[in-house]
Amino acid sequence: MLRVENLHASYGGIKALRGISLEVGDHEFVAVLGPNGAGKSTLLKCISGLHHPSDGTISFDGNRLSGVPHKVVESGIALVPEGRQILPGLTVLENLRVGAFTRKDRLGVKQDLNMVFELFPILGQRQTQLGGLLSGGEQQMLAVARGLMSRPKLMLLDEPSLGLAPIIVNQVFDILQKINHSGTAILIVEQNVYKALSMAERAYILSTGTIEKSGACSDLRHDDQLVHAYLGK
Amino acid sequence: MFLQQVVNGLSVGSVYALIASGYSLIYSLLGFSNWAHGDIAMVGAYIALIAQTSGHVPFWLAVVLAIAGAGCVSMLSDMVAYRRIRNNHSPKMFLMIAAMGLSITLQNLIMVTVGPRFRTYGDVIPVRSIRLGGISLGVLDLLTMGIIVVALVALGLLIGRTKFGLGVRAASSNMVTASVLGVDVNLYIRLVFLLAGVFAGMAGVLLGLKYNIYPTMGSIALKAFIACVVGGLGSVPGAILGGVTIGVMEALVGGFISSGLRDAFTFALLIAILLVRPSGLLGKNIVDKA
């Protein structure tokens, strides 16, 4: 479904990505792991149109992505950005409605609002509260819910566990798995390697802008070198 | 006498509010002071004048042309003067300087093409007044306030209740986030300039009806800017409150103290607000708790 080929990207003169190729299939749950500065966020920025790659192609369902953020959303890709990026002065409901901004089917949006409130009961209770007044965990729930509101075929998540208590991280990942089981493909960028490897089907290990390793998570979990480098065992 | 001055102040203040609301919309979205906003009002006033004197069209049509024209000039000003600066991540200061340049350009353009003389629309609105319990209300003042109240209520509904308004609020909260959620931010910026220009055009014609039409009449935007700061930069209700406050204060100072001290009081209010409450009366101060 998503195919990234030989992607290069840089900031000024500094190369962040040096020829990355990866793929996400229909309904797949894929993780991109790696240390700080490996280029994980840049990869998601390139896909969602926030950063323009210097070389390489990104295609989705066989079509090249336009590189214009709102058009990427229209084509069926939702980004749950790093740091949640809740719009603080808008209510929870308004944040969700912005998530559905590209859609024109009012009835479907209404149904999806109900679906989201079922998935995240806390958001239902806080509909009229300002997004900025939610706790970190609630904001992450809202960010995921807001991503769902565009009814994406593929959801990109940038470090959803960042700054959250372990129990909340578990909740978020449980919900991601539910979302994945209901048919939405997921591409997640994480530093929480252990958690991501236990949830995703496949993973790519990124290091200084190149893919160092890739494979099924069940294999990577038993890769001594990797476990040593990232899990410290 | 007191009430009479309050009513006069409301009339002037409503025009300030009209200009300030557009000013504030642009500020909330792009975070810079659009110094050319008052000159858009001036251009609107001149479009109506030219349509009336050279085009010989009925005045209502001249007004429609002025409003539409000012909206287009405002939108074009973004495409010509600001868009490139916005898109290459330059400091906001560059936008402000570009706006100053645009302001001078528009003023000189009118001076060269139409001339620097003071002009009027003539007697299009009857110079009559209605007496109401000791207060005399000019027909023009009543009309001005009526039109502006309708326009501002419509603006409030547009921003607060529609999908367009949701997009504007999302983009002014965080442009990058709004774009990844599916808001076409460039389109919305253009539409906001159009909307602000429409309001400026309306204000320009109303000012021209009440006073004169001249190339530097846009300097009234300075008062609108103060109105925005007093009310809270970036807050449209704040801009309206600030505009009305300044209008009423000016009328009271002019009526009871000295009309020469009017502006001194306005600037004193600006300084006082900056010292005591820098975010303004209704300033947005929404913090992110998490």
Side-chain angles (χ1 to χ4, degrees), chain A residues 44-45 47-51 68-91 93-104 106 109 129-143 146-147 149-152 156 158 163-164, chain B residues 24-25 27-29 31 83-84 86-90 156-192 231-239 279-280 282-290:
Chain A
L44 292 195
K45 277 186 183 152
I47 298 171
S48 53
L50 289 178
H51 189 79
V68 180
H70 72 270
K71 287 192 178 150
V72 173
V73 180
E74 263 168 41
S75 66
I77 300 178
L79 171 70
V80 179
E82 187 179 358
R84 308 179 276 272
Q85 307 300 337
I86 296 307
L87 302 166
L90 269 58
T91 64
L93 186 63
E94 285 171 338
N95 265 283
L96 292 170
R97 287 202 180 282
V98 178
F101 210 77
T102 51
R103 292 175 59 180
K104 288 174 182 74
R106 281 164 169 248
V109 171
Q129 214 171 74
L130 292 182
L133 299 177
L134 299 180
S135 72
E138 288 161 357
Q139 287 195 352
Q140 189 62 61
M141 307 284 181
L142 178 55
R146 193 175 60 179
M149 286 306 294
S150 66
R151 211 177 257 185
L156 312 172
D158 197 348
L164 298 182
Chain B
S24 181
L25 268 178
Y27 186 91
S28 76
L29 208 56
R83 190 164 60 184
R84 291 176 76 101
R86 271 197 279 114
N87 290 345
N88 63 17
H89 307 286
S90 300
L157 293 175
L158 187 67
I159 298 294
R161 300 279 171 83
T162 65
K163 190 171 175 183
F164 169 78
L166 183 64
V168 171
R169 283 183 295 144
S172 66
S173 177
N174 186 327
M175 198 141 329
V176 174
T177 304
S179 74
V180 293
L181 293 175
V183 180
D184 183 352
V185 289
N186 272 316
L187 174 71
Y188 271 72
I189 290 170
R190 240 172 285 157
L191 291 175
V192 163
L233 263 175
S235 153
V236 174
S279 62
L282 301 180
K284 281 186 200 162
N285 208 359
I286 301 148
V287 282
D288 195 339
K289 217 181 99 190

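So that the names make sense, note that chain A is the first sequence line, chain B the second, and so on, each numbered from 1.
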*Rounded to the nearest 0.5 Å, how far does NZ of A/K104 lie from NZ of B/K163?*
6.0 Å

_Please give me the minimum heavy-atom distance between A/E94 and B/R169, naming the atom from each residue._
OE2-NH1, 2.9 Å

*Checking B/S179 against chain A: side chain, backbone, both or neither under 4.5 Å from a heavy atom?*
both

*Given a strict heavy-atom distance threshold of 4.5 Å, which part of A/L87 is in contact with chain B: side chain, backbone, both, or neither?*
both

*Rounded to the nearest 0.5 Å, how far does CG of B/D184 lie from OG1 of A/T102?*
11.5 Å

_OG on B/S172 to CG on A/L90, rounded to 0.5 Å_ = 8.0 Å

*Taking all heavy atoms of B/G182 and all of A/V73, pick out the closest pair and write down the distance.*
N-CG2, 3.7 Å

*Can you establish whether the number of heavy atoms outside B/R86 located under 6.0 Å from its atom CZ is more than 12?*
yes

*Check the pair B/L166 / A/V98 against side-chain contact (heavy atoms from CB on, under 4.5 Å), numbers first and verdict last.*
CA-CA 7 Å; B/L166 183 64; A/V98 178; 3.7 Å; yes

*Yes or no on side-chain contact (heavy atoms from CB on, under 4.5 Å) for B/L181 and A/F101, after CA distance, side-chain angles and deciding distance?*
CA-CA 7 Å; B/L181 293 175; A/F101 210 77; 5.8 Å; no

*A/E74, part contacting chain B, at a heavy-atom distance under 4.5 Å*: neither

